[in-house]
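Order of the sequence lines sets the chain letters (A, B, ...), proteins ahead of strands, with each chain counted from 1. Here the structure is a predicted model, which means the values were calculated and not measured.
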Amino acid sequence: MMNPKTQNKVAIGTLYGVAGLVVLILLALLGYILVSGLPQLSWHFLTAPAKAFLKGGGVGVQLYNSFYLLILAMLISFPIALGAAIYLYEYAKDNWVTTTIRTAIEILSSLPSVVVGLFGFLFFVVKLRLGFSILSGAFALTFFNLPLLTRSIEDSLRTIDTTQREGGLALGLSRWEAVTRVILPAAVPSILTGVILSAGRVFGEAAALIYTAGQSAPALDFTDWNPFNISSPLNPMRPAETLAVHIWKINSEGIMPDAKAISSGSSAVLVLAILLFNFAARYLGKRLYKRLTSA
Amino acid sequence: MFLSNDVQGNTEMLERHIVQPADAEHPTILSTEDLHVYYGKKEAISEGDLRFASNQITALIGPSGSGKSTFLRSLNRMNDRIATVTGRIMYRGVDINQPSIDVYEMRRRVGMVFQRPNPFAKSIYDNIAFALRLRGTTDKHELDEIVETSLKQAALWNQVKDDLNKSALALSGGQAQRLCIARAIAVKPDILLLDEPASALDPVSTSQLEDTLLELKQNYSIIIVTHNMQQAGRISEYTAFFNQGRVLEYDTTSHIFTNPQVQITSDYVSGNFG
Amino acid sequence: MMKSTQQLEQQLKRHSKAAKLEIWGKVVSFSALILIVAVVVGIIGFVASKGLATFFTNHVSLWDFLSGKSWNPGVTDANGKPEVGALPMIMGSFLITVLSAIVATPFAIGTAVFMNEISPNKGAKILQPVTELLVGIPSVVYGFIGLSVVVPATRAIFGGSGFGILSGTCVLFVMILPTVTSMSVDALRAVPRYYREASLALGATQWQTIYKVVLRAATPGLMTAVVFGMARAFGEALAVQMVIGNAALMPGSLVDPSSTLTSVLTTGIGNTVMGSLQNNALWSLALVLLLMSLVFNLIVRLIGRKGRLQ
């Protein structure tokens with residue numbers, strides 16, 4: 001039997017070791033992505049179209065597709081999540097209906113994204129005949145995004161003091177007005193942070209997309225902005241492989257001679273984008289909050 | 001007219017002593033009849049029938065948990081979702097405690113200021129103009145004017161007139177509470193309900209706030225819940241003493257403080273409990 | 001007097017703009033909420049109807065599906081029955097999930113304890129931002145690193161192809177580590193300060209306090225964190241698919257190519273024809289996946305309820 005003091009020392013030493021090891025693993029991971037990926041990055045890499053069988057292709061179309069899908073998915077999911085969050089915050093009574101609804105949302109958030117993608121395939125691609133398209137992908141991403149975004153907005157609303165709400169009601173505002181005109185503006189900084197963080201998740205998602213937005217990236221004509229033309233970047237009905245899907249695709253097919261270099265570069269771009277989203281979320285949130293409260 | 005429903009004889013201390021205000025110059029503007037408030041099955045207010053005189057200040061006092069805040073919040077139906085309120089609340093002859101009443105319209109006539117200052121996360125100007133805009137006042141000049149008069153009435157104008165576009169969250173506690181008063185009177189209510197408005201303020205701000213209320217009394221009928229006996233004594237014409245969900249004594253403030261008829265009131269105002 | 005009262009009553013009973021807005025807002029926000037619920041019901045309904053077709057339309061027995069060791073839906077066996085034994089994938093998924101959770105749990109909880117109890121300063125400065133960032137790293141990036149680092153390493157040490165459950169476990173371990181760590185930190189943070197103070201005041205060492213008081217009080221939260229990690233590992237598709245080797249065989253060892261429910265789904269669904277048995281069988285795998293995620297959900301709830309009761 002060790003005496004408690006020695007035991008304490010050993011245990012705490014071990015914990016230092018464990019934490020150090022974890023930091024090492026995580027930093028090695030980040031380091032590997034950046035060290036192997038950053039040298040690949042160049043203007044050419046970020047803008048040129050991919051080459052299937054030759055070296056020296058870029059990820060321009062995939063990068064564009066990732067952003068386009070992200071924006072569409074956010075445009076569709078934000079209003080829905082906002083509405084749902086407002087209902088849960090303001091109107092939902094504490095009864096079994098609300099509990100059931102909350103459970104349903106929780107289930108959606110815990111569904112594997114591949115299941116969401118398969119449903120998107122079944123429903124949008126096949127049933128609604130949207131084919132492998134930006135639109136199918138955007139809907140799949142919306143489903144993937146809705147539960148977490150709803151919860152994050154509801155949490156943001158709840159951080160605002162309820163006396164604000166009462167203040168609005170006492171002026172004769174309806175509950176809807178009190179939430180949308182008083183609580184919501186005050187919660188904007190925190191909502192924005194949540195939206196950007198969820199955007200990071202959506203940006204890197206691949207499993208929900210391989211059978212909805214598809215795994216091919218037809219060349220785009222960046223001078224043609226008529227959404228009805230097939231090569232237009234805005235066309236929502238064209239298949240659109242994203243950067244994350246691209247990494248998966250070239251590694252599983254293994255026909256691209258420089259697949260490893262392209263993957264490294266793409267991984268670095270994804271991680272940098274996530275970093276950027278993280279910093280932007282913190283910075284903008286703080287900035288807006290300051291503007292809202294400062295004299 | 002004097003309405004007195006003393007329960008016991010006059011020589012001993014009474015259990016209840018209610019004298020409703022009867023001043024022809026200040027007719028009743030609001031009264032409660034057979035009012036009961038329940039939180040779930042628990043009855044929070046059982047005897048609380050009061051009449052309130054117009055253009056006067058009525059103070060509601062009593063120990064914590066006596067039901068005075070619950071009573072006040074029931075008057076403009078802020079308790080609608082939280083509690084069940086039965087009975088009649090007569091405002092200028094209309095029962096406002098019936099489902100067909102539009103509570104939003106009603107609350108514009110019966111305004112409320114809360115315990116903790118709760119300015120919105122907007123500019124000082126928008127704190128006041130915001131509710132007006134939502135109800136269709138869009139004329140800039142008109143809004144400017146209302147903002148100015150409201151802030152003047154709340155005795156805040158001189159301190160903030162150059163900072164109207166700054167965030168209201170940067171105001172001090174006392175200033176913030178005045179802003180809340182200005183915001184409440186900007187929609188031109190008839191009655192102003194105040195729920196311990198000075199409890200979060202320092203003594204100087206408190207006394208400024210009291211001066212403001214005395215000014216406002218000319219245009220508004222004021223009902224104020226307060227913890228502070230001296231405050232009730234300084235500003236109110238009438239005082240109601242609450243205990244355990246019942247109004248035990250209601251009379252002119254001077255009577256309550258100098259010659260309470262009920263033992264518990266006497267104990268409370270002399271600081272023996274509460 | 002009477003007239004003005006009537007007028008007032010009329011004004012007060014008029015349906016104001018606010019009241020109209022209120023109804024509008026309630027309807028709009030409720031519709032949004034119902035839409036989300038409809039999505040959930042839709043997903044479960046569609047996947048279930050497709051997944052059950054294997055059993056009802058193609059008359060595969062549930063037992064054969066769950067216990068069969070041979071997965072080759074296009075082929076019929078000696079008895080004329082299609083080979084739709086999903087056991088290899090189910091085993092693969094469970095093995096990989098359990099193994100990665102077993103490895104990740106001590107690291108995650110140890111790190112969380114370090115961050116919250118031993119060195120909150122270093123925790124906040126280094127570990128917190130790093131874990132938060134890593135929670136957001138896309139799973140394909142984990143898969144790619146697994147492919148280019150873990151698989152060659154496994155190959156070098158154990159021989160063979162390097163693809164298999166071991167590589168998958170390594171990838172998932174690193175992938176769920178940040179999630180489990182940050183949730184464990186939340187669980188520890190929820191333990192009231194005075195618990196620790198009381199214990200230290202009684203003369204307990206810091207380790208005794210951590211072990212006997214803090215960890216014990218935080219147990220439900222820590223369990224939830226681990227279950228969440230397991231749910232994420234179980235449902236992860238691409239990162240696993242990239243390193244597991246995708247051979248629908250019973251895993252002979254940890255370094256043989258194997259497969260999981262998700263890996264077979266991602267590779268298979270595009271290569272089968274809608275409505276065929278091959279396709280339906282894949283949907284049955286999706287259904288298993290979905291049911292398992294419901295089970296994880298249920299476990300989290302049970303832990304939560306038990307935690308509250310204590």
On a heavy-atom basis, the closest approach of C:Leu12 and B:Tyr91 is CD1-CD2, 4.0 Å
Portion of B:Ile96 that has a non-hydrogen atom of chain C nearer than 4.5 angstrom: side chain
Would one find more than 12 heavy atoms of other residues, nucleotides or ligands at under 6.0 Å from atom OH of C:Tyr195? no
If the condition is salt bridge (charged side-chain N to carboxylate O under 4.0 Å, His left out), which residues does B:Arg135 pass it with, not counting sequence neighbours? A:Glu177
Just to be sure I understand the criterion: a residue of residues 97-114 of chain B counts if one of its heavy atoms is under 4.5 Å from a heavy atom of chain C. Which ones qualify? B:Gln98, B:Ser100, B:Ile101, B:Asp102, B:Tyr104, B:Glu105, B:Met106, B:Arg109
For chain B, find its close neighbours in residues 14-30 of chain C: heavy-atom separation under 4.5 Å, sorted by number, or none. C:Arg14, C:His15, C:Ser16, C:Lys17, C:Ala18, C:Ala19, C:Glu22
Within a radius of less than 6.0 Å around CD of C:Gln11, do more than 12 heavy atoms belonging to other residues, nucleotides or ligands occur? yes
Can you pull the salt bridge (Lys or Arg N to Asp or Glu O under 4.0 Å) pairs that have at least one residue in residues 186-196 of chain C, sequence neighbours excluded? C:Glu117-C:Arg196, C:Arg193-C:Glu197
